[in-house]
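In what follows, every chain begins at residue 1, and chains take the letters A, B, ... in the order their sequences are listed. Please read all numbers here as calculations on a predicted model, not as lab measurements.
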Number of protein chains: 2
Amino acid sequence: MHGPRPTLEAVAAHAGVSRATVSRVVNGGAGVRKSLRDRVQASVAELGYVPNSAARSLVTRRTGAVAVVIAEPETRVFSDPFFAQQLRGISRELAACDTQLLLMLLEGRTDYDRIGRYLAGGHVDGALMFSLHRDDPLPSMANASGLPTVFGGRPGWPGAEDDPDLLYVDTDNRGGARQAVEHLRRRGRRRIAVITGPLDQTSALDRLDGYLDALGLTEPDPALIAHGDFTAEGGERAMAELLDRSPGLDAVFAGNDLTATGALRTLRARGLRVPQDVAVVGYDDLEQAAWAEPALTTVRQDIQGMGRMMAELLLRRLGLADASGVGRPAPVVTPARLVVRASS
Amino acid sequence: MHGPRPTLEAVAAHAGVSRATVSRVVNGGAGVRKSLRDRVQASVAELGYVPNSAARSLVTRRTGAVAVVIAEPETRVFSDPFFAQQLRGISRELAACDTQLLLMLLEGRTDYDRIGRYLAGGHVDGALMFSLHRDDPLPSMANASGLPTVFGGRPGWPGAEDDPDLLYVDTDNRGGARQAVEHLRRRGRRRIAVITGPLDQTSALDRLDGYLDALGLTEPDPALIAHGDFTAEGGERAMAELLDRSPGLDAVFAGNDLTATGALRTLRARGLRVPQDVAVVGYDDLEQAAWAEPALTTVRQDIQGMGRMMAELLLRRLGLADASGVGRPAPVVTPARLVVRASS
DNA sequence: CTCTGTGGTGAGAGCGCTTTCACGACCCCG
DNA sequence: CGGGGTCGTGAAAGCGCTCTCACCACAGAG
């Protein structure tokens with residue numbers, strides 16, 4: 001069954017035409033008479049011809065593949081369906097354009113060399129990069145190699161905002177956080193604490209800014225802020241700190257749902273009732289949020305859609321997307337929406 | 001910075017040798033005098049030469065890439081960190097052998113054609129396939145195309161076990177389930193119910209068999225079995241069914257942790273105490289299991305390790321792995337271990 | 001009837017690499 | 001000192017494809 005796969009040559013011979021004609025037909029068939037085109041297509045079908053992508057990309061200088069780089073050595077990737085959902089969105093969009101998805105998961109610092117070399121090596125036409133921290137070397141690598149790149153989340157490195165060609169997809173973290181905290185205020189909460197995420201990520205920073213916005217502050221009250229790391233353990237710890245420092249707090253805005261889960265755990269351990277004594281709001285609307293006890297009020301974002309948009313942006317920059325996306329590709333910020341449940 | 005990338009030719013000229021010699025050096029340097037080798041390596045470094053993979057695989061007939069096919073149109077992928085962890089294991093192993101990971105997420109039935117064509121098209125050297133249900137067309141596609149393939153989970157299609165070349169990595173679902181149920185019996189539980197997973201997957205079947213083993217049965221008691229689908233909602237529903245049918249049950253073995261979470265929810269809603277009234281055991285040891293209320297007794301498996309092993313098996317079959325793995329590659333079944341927590 | 005288009009087709013170069021093969025240098029043994 | 005190795009190196013032939021360019025046939029204009 002799987003002997004030597006037929007080549008263009010074989011199809012040409014079978015159809016009684018030249019290689020060039022077969023090539024034309026395979027690539028859209030423009031400028032080939034209908035009768036010939038049909039004959040060639042029949043031969044292609046009969047022989048089960050599939051173009052050799054290596055040969056093709058050798059001459060076209062395009063690989064038909066895009067790298068998805070996830071630089072998250074932490075355990076976060078495991079517990080957080082975030083990436084899985086984004087990947088699905090990306091995968092769907094790329095598949096529609098017959099583009100392959102090359103997944104690169106970074107572990108240690110040494111991986112950066114490997115990835116950098118790979119990206120610079122012209123093995124892919126573009127890259128999607130995720131969860132970069134402020135000092136991540138990846139963006140500059142991509143930039144230096146001239147590889148078209150779209151970032152997941154607003155890039156935070158110095159000067160990023162000034163680059164007119166920078167492409168990213170972010171969610172309105174600041175607006176979402178503002179909604180969450182305004183909601184707490186409307187419910188009559190007055191001592192609203194915050195547990196941040198890692199502040200070298202713009203998402204965590206933006207959420208903190210949204211919190212400040214809603215309270216009309218420019219600086220957080222030192223007694224009502226604690227730093228987490230977007231994990232449940234971090235949330236547990238930070239909540240404990242907050243309670244020790246400010247026993248009178250009546251609400252907490254957690255940097256994400258995992259953090260909120262940890263906070264709930266600490267509150268339960270200390271015998272505080274949610275939401276009667278302390279209201280809790282998370283962020284992300286993970287599936288677990290709805291299942292938490294009590295069900296978590298949180299902020300929802302269209303994660304899968306963000307993935308799809310990243311892919312679309314990149315495809316447009318590569319000149320591959322459908323004509324639907326008109327104009328120059330530009331950064332996208334998607335809306336966030338409060339989901340009120342039992343915890344607030 | 002990113003003008004035309006240097007070719008072999010350029011390096012050869014720079015080092016004052018022939019293309020052939022540069023090629024030899026780049027590919028290990030066997031049979032090249034030390035002095036020349038050093039000179040070539042210096043040139044490679046200076047010019048920043050990276051081999052063009054398209055050209056290389058055109059002649060070697062190897063792509064240096066492996067497809068990871070995840071056929072799970074359900075929502076399961078989202079809520080379950082299972083795949084993320086396996087992917088990490090796979091990624092790590094492949095990276096060590098400089099092999100790329102091509103991720104293919106299947107959605108609808110039409111995707112099967114696309115993937116089938118792609119796999120048959122010689123774009124990858126091998127494939128890893130996940131979560132196949134009994135009637136999945138993918139395996140036969142892979143088989144027909146002669147593409148070396150390793151499966152995640154024991155394949156369940158008819159005749160699978162007879163194929164001496166079949167490669168898979170599975171965990172000892174039956175043994176794990178047996179441990180879990182024996183544990184419940186040791187704790188004095190007598191009416192132990194079971195919530196199964198989707199029975200077209202071998203993992204769900206094997207866990208059910210392990211349950212039967214531990215109870216010394218060949219047939220489940222119809223009053224003590226309910227069918228779930230490996231989701232929390234399914235667990236919730238199945239638990240309700242069981243309680244309606246057998247109010248006197250004192251323990252339940254859930255097909256996986258998500259199912260167990262749902263069961264916990266139903267039990268709580270009905271005012272039953274866990275573990276006093278009903279003991280609950282899950283399977284998988286997801287992070288959420290430890291965080292459930294009460295913390296879930298469950299069965300742990302080395303998920304990341306399974307991913308690593310799948311990759312290793314494939315690499316060995318492709319003749320790429322280190323010499324460490326001696327002998328013919330063969331299916332692997334990894335052990336499962338009971339983790340006792342508060343819920344039982 | 002010749003000249004200029006026009007549209008369809010084929011010949012052939014060449015993408016950057018690996019790999020065979022031939023060749024020269026060198027060594028050892030007789 | 002000559003024959004038969006071994007070892008290291010370079011020349012060159014492709015791998016399967018795209019794409020330029022030349023070519024041919026035919027149409028319409030002069």
Go along nucleotides 11-21 of chain D 5' to 3' and tag each nucleotide: B for a protein heavy atom under 4.0 Å from its base, S when only backbone or sugar atoms are that close, - otherwise.
B-B-BBBBB--
Measure CG/B:Leu36 against C1'/D:dG10 and give the value in whole Å, please.
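So the CG-C1' distance, B:Leu36 to D:dG10, works out to 11 Å.
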Measure the distance from CZ on A:Arg37 to P on C:dG7 and round it to the nearest whole Å.
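Those two atoms, CZ and P, are 15 Å apart.
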What are the two closest heavy atoms between B:Gln86 and B:Ile303, and how far apart are they?
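Taking every non-hydrogen atom into account, CG-CG2, 3.4 Å.
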Taking only side-chain nitrogens and oxygens of B:Arg33, does any of them come within less than 4.0 Å of OP1 or OP2 of D:dT9?
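Affirmative; the distance criterion is met.
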Can you classify the ring geometry of B:Phe130 versus B:Phe83 as parallel (below 30°), tilted (30 to 60°) or perpendicular (above 60°)?
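Perpendicular, since the angle between the ring planes exceeds 60°.
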Please work out which of the three classes, parallel, tilted or perpendicular, describes the rings of B:His123 and B:Tyr118, given edges at 30° and 60°.
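Aromatic pair B:Tyr118/B:His123 classed parallel.
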Under a 4.5 Å cut-off applied to non-hydrogen side-chain atoms, are A:Thr149 and A:Leu138 in contact?
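SC-SC contact between A:Thr149 and A:Leu138 ruled out.
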Pairwise distance CD(A:Gln304) to CG(A:Asp302) - rounded to 0.5 angstrom:
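Separation between the atoms: 7.5 Å.
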